[in-house]
Structures are given as C-alpha cells and as structure tokens.
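Some notes on the structure that comes next.
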Amino acid sequence: MENKEIARVLWETADLMEIAGEDSFRIRSYRNSATSIEGYPERIIDILKDENRKVTEIPGIGKRLASVLQEIVDRGSCERRDELLKKFPPTALEFLKIQGLGPKGIALIFEHHQITTMDELEQLCKDEKLRLLPRMGAKLEEKVLRSIAQYKMRTGRFLLSFAHEAAEELKKYLAETGGVEEITAAGSLRRGKETVGDLDLLVTGPNATEVLERFVAYPRVHEILGRGANKASAKVGREGLQVDVRALPRESYGAAMQYFTGSKEHNVAVRTRAVKMGFKLSEYGLFRADNDTRVAGESEQEVYDALGLAWIPPELRENSGEIEAAGEGRLPELIELKHIRGDIHMHTTETDGRASLEEMAEAAKNLGYEYVAITDHSKAIAMANGLDETRAVAFARQVRELNRQDRGIRIFSGLECDILKDGALDLANDALAELDLVIGSVHSHMNLEPAEMTDRLLRALECPSLRVLGHPTGRLLMQREPFSFDFDRVVMEAVKRGVHFEINASPERLDLNGNLVRSAKQRGAKFTVSTDAHHPKHLHNMWYGVVTARRGWLGPADVLNTLPAERFRNAIRHN
DNA sequence: GCCGTTTTCGGCCCGACTGTTTTCAGTCG
Ligand SMILES: Nc1nc2c(ncn2[C@H]2C[C@H](O)[C@@H](COP(=O)(O)OP(=O)(O)OP(=O)(O)O)O2)c(=O)[nH]1
Ligand SMILES: [Mg+2]
Ligand SMILES: [Mg+2]
Ligand SMILES: [Zn+2]
C-alpha cells in the first residue's frame, strides 16, 4: 500500500468524522497526519515492518494514529472509518466537493433523505426539496446545481505552468484599472507547488476595491462565486479555473501576502506562535493582543522579524520544519535561476525533438547559458528513432568537432539512455564511455513490483558511465503515478557511485518532487536541474525545475549544472 | 488526537461572504 493511498483513507475518515459532527481538533489531527504521510519520502509500510523504526517519528503521528496506520496497512481501512460508513454512504465524501455544501449541510440532508448518488442530490434540488430543510433555501439549490454541473466536468487541479500563464494574463488585465499599485499572485502558485488548485491574487492601491469590479466583469468569467467589499471569487475560462482576488490596504500588504501565500498549515503554525508571544496575526497585520496596536504588516520581512523568524522563502512554507529553522537561523541559501549555467537534458530532431542541435544550442546561448548537453534517446525508443552504439559514437565525435569552433556556448555530447527491464542500459558501455554525459531513464515496464524496480535501478547505477538518473520516479502529474521502489536504497547507492538525481523541469513531470529532493539531500545526494526540452521554447521551463529544487531546500552547491563549464566537465569526466 | 521555552493537561488561527439570517451559523479562504 502506497503512502498516497494511506493518506486518502485518513482524509476520508476525517471527512466522515466532520459530517458526523465529531471534535474538530481530532479531525485536524487526522488531516495533519494525512498531509504528513502523503509527502513522506519513505514508505509507511516499510517503516511499520522495520523493528527499529517507529511511525511516531513522523510529525503529527502519535500513539493512537500509529495503531490506526497499522490497521490501514493491514486491511485497507480503520474501525472508525468503517463505523462511519455504516451511517453515511461513500458518496457523502463526494458531496463535500460541492460548493455550498459542507459537513453540516450534508449531515442534514442524510437525516431527511435516503439518497446515495450525486444524481439523486441533483434531483432533490430540481424538485425544490432542499429548501424544505432548515437553513436551506432556493439560492442554495441553484448554487448546488451549478456546482454539480462543474463536478461532472471533472475540473481538478492544474499544472503549475498553466496556472502561471493564466495568472500573468489576468494580472495584465487587472493592472489596467487605475489606482492600483501592485497585483501579486499568492497561494500555491507563489509557493511553486507542482499542481495548483486555484489562482489567488492580491491587490493593493487606493482603488484596489475597483479591481474587484473589473475582475468580475472580465469577459472570461463565467460564474461569480462571491463578491464583497474585500474579495471576489469567480470561475474563469473554459477550464473552469477558480480565481480568488483579495484587496487590502498598503499598510497591510506584507501581512496580506503572508496570509494569502500560505500554506494554510504554515499560517496556522505562525499564528499560533504569534499568540504564544502575545500577538495576534491576521492578513491585516501583527497586533499586540492586549491593546491591539499594530506591530508589523507593511512587509513580510517585518512580520517574520517581529516573530523572531528569518524571512521564509514561499517555497518552504509548508509547515515541515521551516518555522523552527527560521527561528534558529538554519534556513538554507536557496538556489536561484541565475545560478544555472547550463541545461543538460534536451532532445533534437535526431530523435523526437522538434529543433536541430544548432537551434537548441543557439536558443540556450540566448538564455545566457555557458553550455548545454544534448541528450537524445537511445535505440529502445524505436518510435523516436533512438541512437544505437554506432550513431552514439559518431555523435560524440561530431560534438568534439563542433566545439573546435567557438559558437559562444559549449556543447557536451550526451544521451538519455533507456534503463531496460532488467536494469541493463540500452547501449554497451564502451559506446557510452565516448559520451560526455549519460542520463539513465526508465521509459518502459513501469509497473514492476517495488522490489524488482529497486533491483532494476540499483543495477543501472552499476554502469560506470552513468552520471544522472533521469526523471527518477516516472510520474506524470495527474496522469501517471510515480513507480514505487525503495527510494532510500537507491539514494544510498547513487551517493556511493556519484550518480546525480535529475530534477526534470518539464511541468508535467517535476520529477524528483520537492519532498524526495529534500530527503535525498539529507542522505548526501547531488542533483541536476534540466528541462528535457523537445523544442527551444521548452528551455524556459528551467524556472519550474529551480522552484522544485527550492522546495527541496537545495542551494546552488547541491546542483551539478550550477558549475562553470570547465568544472562541470571535470565533474562528469570518466576516470 | 497531538503536543510542550507556559504546559504531560489544556489548549488548538483568524477573518470574509452569504443567506440558511434578525443577531448568526455555515462555508470558505
Ligand atoms: N490563516 C488561514 N489561512 C488560510 C486558510 N485557508 C486558506 N488560507 C490561506 C493560505 C492559502 O495558501 C491561501 C489560499 O488558499 P487556497 O485554498 O487557494 O490554498 P492554496 O493556494 O494554498 O492551495 P491550492 O493549490 O489552491 O489548493 O489562503 C485558513 O484556514 N487559515
Ligand atoms: Mg490557491
Ligand atoms: Mg484560493
Ligand atoms: Zn525521458
């Protein structure tokens, strides 16, 4: 059982508990544990099996939840969940996704109606039966009907890249309002989370509230969810992306950014700290609890300062140790885009890329890089006309020739070599040894048992020419789960053999993810950040990779391709 | 149910918007 599945059971249990009206703090504990486990770099099932380990090491897991975890791993559910599912049908959990319906409303519906499906809920609204329930009315029926329609369209979360572009477009439109000083994207987008649930925009200036008017009048808005004096929400575009816009005065802007950037868990932890120090923190500022005088609020720096914390980069704000680190001056200097000196994973027309080597190199040069590595596919990807030994060796020679003349950018010959089912690399090592940089990637047989996948990767690491493990978990966001293997063992072996982990910056991959990066770094791993570009425009994706590296607490020294060309060459050299 | 620079018991973030509403609960951020 994967951590994600365990986390889902815990989330469901928490949701059911809430519908049943149980204690809200206990529910919070269940939710916190789910979040912890979902992002935990090791498999819970392995920790439970290990005599020398305890799941209570994981923050948010105590004695009680430890035994709940054991139960979930053993039989896929826990007693509490089973009991609640006798009272409420599983669709209750789906009902929670309907805007306007919360735990209280859902409990009320089940008290009065024997329904089990979304269609029956829809019918209830159409028959105007919902309004007969206490505290429910015609407006709610309409809202629920609209939301059910949305639900059926299955709009879930969005790629970071999509959210980024949508935010830029909307910011441009809103900026045309006069009297607006700043429009900033906050929320999960500012934190650089791999997928984004909605857009959270913060505006300030003398006419900030007029922006709200302009926002709801945006032609692409097709449903206004709410609109008050300080904030407005709407569904935008045919994708149904939700956008929340919040307006606040200049003097509160720092506190507002702090609030709206989140994460929620980070906010709760920071606010709890404020309370313990005799303050109250909200989006309006930091205030003394006794007499309400303002202590800070204009900038984020000021707010964190007043709480005895170093300013925390948004990418770290997940309540996973960053607050403690900020309090003790232990925050790392994070890597930035400007530190990257070369992009070292890209494809050309030689295989499945859309541009020639020269075009890719030229585009990279224009981005200010010192070097690139061209890494086309190997022959196992027959559809892409992958390179065999002969072509690989010829390519290495061709690149040596190319570098004789100065092109303003240095080129390294590379290969994204398939890791075959048994862990052997697709090409013989004497051919690989001719190349400057070999990336090993899994592109086939991704459903192996974890033990078999672990052995496969460990064997691949034995290849003396291998320098990088490409998109190490194989996930495709919202399409394909990462394949599971013993990550720790693979990290240990990679560290021993000097193989780097790729942070693939392609927005649909972002692989490794931030949590795995952080855990691998703690065990001494080194990394690359590369775009896997198949077109010159993809080279711009580097930013997403850097953000992911930052979410993994990396500094420039952790990343191979921050080295200047000559030192980079020495680092990947065959010895 | 978790957790500890104030605590091993007693707390646990704080505010906007809607309409179910007439003094506020529920939902959401
Ligand atoms: N203090 C506090 N802040 C919250 C709470 N809920 C949300 N926020 C803040 C922090 C969030 O990052 C921000 C935006 O809320 P969202 O629901 O859009 O969450 P976020 O953007 O983090 O994730 P998302 O990708 O949209 O699901 O508002 C809360 O319950 N308390
Ligand atoms: Mg958001
Ligand atoms: Mg939001
Ligand atoms: Zn690949």
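Everything numeric here is computed off the predicted structure, so don't read it as measured data. Just so we're on the same page: letters track the sequence lines, and every chain starts at 1.
Among the protein residues, A/D23 comes within range of the nucleic acid bases, having at least one heavy atom under 4.0 Å from a base atom. Using a 4.0 Å heavy-atom criterion, one finds that A/G105 contacts the sugar-phosphate atoms exclusively. Contacts of A/L130 with the nucleic acid, taken as non-hydrogen atoms under 4.0 Å apart, are absent. Counting any heavy atom pair closer than 4.0 Å across all strands shown, A/G100 reaches sugar-phosphate atoms only and no base atom. Here A/R80 lies in heavy-atom contact (under 4.0 Å) with sugar-phosphate atoms only. Residue-level contact check: A/A274 touches neither bases nor backbone, having no heavy atom under 4.0 Å from any strand. Contact annotation for A/L281: backbone-only contact, meaning every heavy-atom pair under 4.0 Å involves sugar-phosphate atoms and none involves a base. Within the nucleic acid shown, A/L225 has no heavy atom closer than 4.0 Å to any nucleic acid atom.
Side-chain contact check for A/S282 and A/R271: no donor-acceptor pair (N or O, by modelled atom type) lies under 3.5 Å.
In this structure, the CZ atom of A/R146 is 17 Å from the P atom of B/dT27, given to the nearest Å. The distance from atom CD1 of A/I323 to atom P of B/dT5 is 14 Å, rounded to the nearest whole Å. The distance between atom OH of A/Y30 and atom P of B/dG1, rounded to the nearest whole Å, is 5 Å. A straight line from CG of A/N267 to P of B/dG15 spans 13 Å, rounded to a whole angstrom. Per the geometry, NZ belonging to A/K63 stands 18 Å off P belonging to B/dT8, to the nearest Å. Atom-to-atom, CG of A/L101 to P of B/dT27 comes out at 8 Å; the value is rounded to the nearest Å. We find that OH of A/Y284 is positioned 7 Å from C1' of B/dA16, with the value rounded to whole Å. A straight line from CG of A/L140 to P of B/dT18 spans 14 Å, rounded to a whole angstrom.
Applying the 4.0 Å criterion to OP1 and OP2 of B/dC28, one finds that A/Q242 has every side-chain N and O outside that range. Close to B/dG15, at under 4.0 Å from its OP1 or OP2, lies a side-chain N or O of A/K280. Applying the 4.0 Å criterion to OP1 and OP2 of B/dT5, one finds that A/R273 has every side-chain N and O outside that range. Considering only side-chain N and O atoms, A/R271 lies nowhere under 4.0 angstrom from the phosphate OP1 or OP2 of B/dC13. Not one side-chain nitrogen or oxygen of A/T272 sits closer than 4.0 Å to the OP1 or OP2 atom of B/dC12.
Nearer the 5' end of DNA chain B, as judged by each residue's closest nucleotide, is the contact made by A/N230, out of A/N230 and A/Q99. Nearest-nucleotide assignment on DNA chain B puts the 5′-proximal partner with A/M17, out of A/M17 and A/P103.
Using C1' as the reference atom, B/dC12 and B/dT6 are 15 Å apart when rounded to the nearest Å. B/dT5 and B/dG1 have their P atoms separated by 23 Å, given to the nearest Å. Atom C1' of B/dG26 sits at a distance of 11 Å from the matching atom of B/dT21, rounded to the whole Å. Taking atom C1' in both B/dG11 and B/dT7, the straight-line distance is 9 Å, to the nearest Å. Rounded to whole Å, the separation between the P atoms of B/dG4 and B/dC13 comes to 15 Å.
For A/S282, taking side-chain heavy atoms from C-beta onward, the closest of the listed nucleotides B/dG29, B/dC12, B/dG15 is B/dG15. Listed candidates were B/dT6, B/dC14, B/dA16. Nearest to the side chain of A/V275 is B/dC14. Minimum atom distance to the side chain of A/F260 is reached by B/dG29, of the listed B/dG29, B/dG26, B/dG1. Side-chain proximity of A/R246 to the nucleotides B/dA16, B/dG1, B/dC13 is greatest for B/dA16. Checking B/dG19, B/dC13, B/dG1 against the side-chain heavy atoms of A/K139 singles out B/dG19 as nearest. When distances are taken from the side chain of A/S29 to each of B/dG26, B/dC2, B/dT6, the shortest belongs to B/dC2.
Remark: A/K152 engages A/D119, A/E122 in a salt bridge (charged side-chain N to carboxylate O under 4.0 Å, His left out) (not counting sequence neighbours).
Here A/E298 does not pair with A/R250 in a salt bridge; the nearest charged N to carboxylate O distance is not below 4.0 Å. Salt bridge annotation for A/R75-A/E71: present, with a cationic side-chain nitrogen under 4.0 angstrom from a carboxylate oxygen. Here A/E141 pairs with A/R131 in a salt bridge; the nearest charged N to carboxylate O distance falls below 4.0 Å. A/R317 and A/E322 are not joined by a salt bridge, as no carboxylate oxygen comes within less than 4.0 angstrom of a charged side-chain nitrogen. No salt bridge links A/E111 with A/K104; every basic N to acidic carboxylate O contact stays at or beyond 4.0 Å.
The partner of B/dT8, taking Watson-Crick or G-U wobble pairs whose two distances both stay under 3.5 Å, does not exist in any strand shown.
Using a 30° and 60° split on the angle between ring planes, A/F95 and A/F110 fall in the parallel class, below 30°.
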